[in-house]
Chemist: 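Encoded as structure tokens, here's the structure I'll be asking about.
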Amino acid sequence: MAEKLEVKELDQVVVRFSGDSGDGMQLAGNIFSTVSATVGNGISTFPDYPADIRAPQGSLTGVSGFQVHIGAGQVYTPGDKCDVLVAMNAAALKTQYRYAKPGATIIIDTDSFGPKDLEKAQFQTEDYLGEMNIDPDRVIQCPLTTMVKDCLADSGMDMKAMMKCRNMFALGLVCWLFDRDLNLVANFLREKFAKKPAIAEANIKVIQAGYDYGHNTHSSTVNVYRVESKEKVPGRYMDITGNKATAYGFIAAAEKAGLKLYLGSYPITPATDVLHELSKHKSCGVITVQCEDEISGCALGVTSTSGPGICLKSEAMNLAVIMELPLVVLDVQRGGPATGLPTKSEQTDLLQALFGRNGESPMPVMAATSPTDCFDAAYQACKIALEHMTPVVLLTDAFVANGSGAFKLLIPSTHLMFLRN
């Protein structure tokens with residue numbers, strides 16, 4: 001079908017998915033970025049979580065976003081403003097439109113723009129597009145919720161389960177817009193929901209419906225684009241977040257050193273995913289302990305935390321300096337002083353990492369430059385700690401930790417055997 005359309009080549013494009021916290025924008029964005037990485041595009045992503053604990057549905061403060069920048073070559077940032085904005089409700093359009101470029105294509109679910117939705121989003125009139133000076137010709141206005149219900153009417157799923165598939169319809173539309181191969185998306189979903197095949201097939205059906213809606217309804221009014229890598233580097237790639245790359249770097253370093261990896265950690269956003277990931281790799285000799293507080297979590301080996309935890313660990317870090325212990329302290333920085341903003345990013349722990357201890361106890365401090373660089377940074381931090389018998393601080397932040405990039409797997413390799421498990 002797509003072959004009959006005019007397909008325009010682009011060097012790069014930015015897509016932003018946005019909706020309520022429960023709308024699955026992170027999953028839709030992750031799938032699109034994974035598929036893009038699979039076909040050889042450079043990618044950089046930015047998940048934007050609300051700081052509220054499950055804000056009221058449809059409220060301005062409860063909007064969750066996921067931005068992905070894909071390019072024909074390597075890309076280094078998730079981009080400032082998007083070429084395509086998916087807004088699943090009125091609040092998403094109201095808060096996220098500022099991140100859209102002039103002339104951006106906007107996809108909205110018109111079923112989520114009723115009078116109550118507009119009131120929650122603090123629109124003054126029912127002409128929400130006119131109120132925000134948005135050209136209707138740039139907007140794909142789709143009764144997305146209704147179409148998902150119709151698509152899954154004979155599936156036997158309850159209404160709540162059907163509504164969880166709305167994000168897949170939006171993903172189908174975006175896949176049509178960028179001429180993506182739906183087989184790649186289907187393979188991803190079948191692998192993700194391997195233990196729930198009925199859920200996988202329902203989502204695949206909805207994605208196909210979204211793709212068909214775009215093709216049949218908008219093929220004459222909206223351009224289809226393709227971002228195709230000009231110089232593909234052969235190899236096996238995966239879409240990897242900074243926290244996962246950090247965990248893999250620690251495992252690789254332990255494997256290379258012939259040592260068991262021990263992580264003592266107290267759960268703290270945005271560093272907790274490192275604990276979660278490492279706990280899956282017991283077969284590699286990894287030992288993970290969820291400790292009762294930040295102080296007890298600072299043990300020989302590796303410890304992960306954020307800014308508030310660095311304050312509490314400073315005495316143990318001092319002790320590691322004077323006893324010459326190879327301790328790696330991972331600080332995934334977050335915003336604000338004190339307990340701060342767990343879901344927001346800031347890079348303000350440098351002075352604390354360099355000088356935040358008594359008795360003049362210096363230690364090496366490193367920083368990762370990107371999600372994929374987290375692997376090399378974690379590996380080098382362990383190498384320095386073991387070679388010089390000193391604590392090492394590794395700085396990342398919420399943006400680097402939760403963002404993702406296309407990571408080329410180093411296979412075959414003696415220190416990446418765990419990836420074959």
Side-chain angles (χ1 to χ4, degrees), residues 49 51 53 241-244 246-247 249-250 253-254 260-279 286-368 374 377-378 380-382 384-386 388-402:
Y49 302 98
I53 301 175
T241 65
N243 274 339
K244 182 175 283 191
T246 301
F250 288 148
K260 286 190 175 182
L261 174 63
Y262 173 91
L263 173 77
S265 182
Y266 180 74
I268 180 170
T269 302
T272 309
D273 285 341
V274 176
L275 171 62
H276 290 168
E277 184 61 37
L278 286 177
S279 66
V286 178
I287 302 169
T288 54
V289 177
Q290 180 175 322
C291 302
E292 65 268 23
D293 54 40
E294 292 284 2
I295 298 172
S296 59
C298 194
L300 179 60
V302 178
T303 185
S304 57
T305 187
S306 192
I310 290 290
C311 299
L312 296 169
K313 294 179 190 293
S314 60
E315 183 179 0
M317 292 165 67
N318 261 342
L319 182 63
V321 170
I322 202 167
M323 295 190 71
E324 299 182 356
L325 300 178
L327 167 69
V328 177
V329 181
L330 171 65
D331 177 8
V332 188
Q333 302 166 89
R334 63 188 193 180
T339 53
L341 297 168
T343 64
K344 301 304 177 184
S345 186
E346 196 171 33
Q347 298 178 338
T348 53
D349 291 352
L350 178 60
L351 294 181
Q352 181 177 219
L354 289 171
F355 309 116
R357 292 170 298 283
N358 57 297
E360 297 185 5
S361 50
M363 62 183 67
V365 177
M366 301 176 58
C374 286
Q380 289 299 323
C382 294
I384 293 171
L386 288 167
H388 300 281
M389 296 304 290
T390 178
V392 176
V393 177
L394 172 58
L395 298 175
T396 65
D397 62 21
F399 162 65
V400 169
N402 293 322

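Throughout, residue positions are numbered sequentially from 1 according to the sequence presented.
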Chemist: On a heavy-atom basis, which atom in A368 and which in L394 lie closest, and how many Å separate them?
Modeler: N-CD1, 4.4 Å
Chemist: With sequence neighbours excluded, give me every side-chain hydrogen bond (donor to acceptor under 3.5 Å, both in side chains) pair touching residues 307-318.
Modeler: E294-K313, T303-K313, N318-N358, N318-S361
Chemist: Find out whether L263 and V286 are in side-chain contact, i.e. whether some heavy atom of one side chain is under 4.5 Å from a heavy atom of the other.
Modeler: no
Chemist: Write down the atom of P364, the atom of I384, and the distance for their closest heavy-atom approach.
Modeler: CG-CG2, 4.1 Å
Chemist: Answer yes or no: is there a side-chain heavy-atom contact under 4.5 Å between T241 and N402?
Modeler: no
Chemist: If you take all heavy atoms of P267 and L275, which pair is closest and at what distance?
Modeler: CG-CD2, 4.4 Å
Chemist: Roughly how far apart are I310 CD1 and R357 CZ, rounded to 0.5 Å?
Modeler: 8.5 Å
Chemist: Side-chain atoms of residues 320-338: list all donor-acceptor pairs with protein atoms under 3.5 Å, sequence neighbours left out, distances to 0.1 Å.
Modeler:
residue, atom, partner, partner atom, Å
D331, OD1, G307, N, 3.4
Q333, OE1, T348, N, 3.2
Q333, OE1, D349, N, 2.9
Q333, NE2, T396, O, 2.9
R334, NE, T339, O, 3.0
R334, NH1, T269, O, 2.8
R334, NH2, T339, O, 2.6

Chemist: Answer whether the closest heavy-atom distance between the side chains of L261 and L278 falls below 4.5 Å.
Modeler: yes
Chemist: Are there over 12 heavy-atom neighbours, none belonging to Y266, within less than 6.0 Å of that residue's OH?
Modeler: no
Chemist: With respect to C291, which candidate in I295, V289, D293 satisfies the side chain to side chain contact (heavy atoms under 4.5 Å, CB included) definition?
Modeler: V289
Chemist: Taking atom types as modelled, find out whether N243 and T246 have a side-chain donor-acceptor pair closer than 3.5 angstrom.
Modeler: no
Chemist: Between P270 and S306, which heavy-atom pair has the shortest distance, and what is it?
Modeler: CD-OG, 3.9 Å
Chemist: Considering all heavy atoms of both residues, which atom of V365 and which atom of A353 are nearest to each other, and what is their separation?
Modeler: CG2-O, 3.8 Å
Chemist: Quick one, P391 and M317 - any side-chain contact, counting heavy atoms below 4.5 Å?
Modeler: no
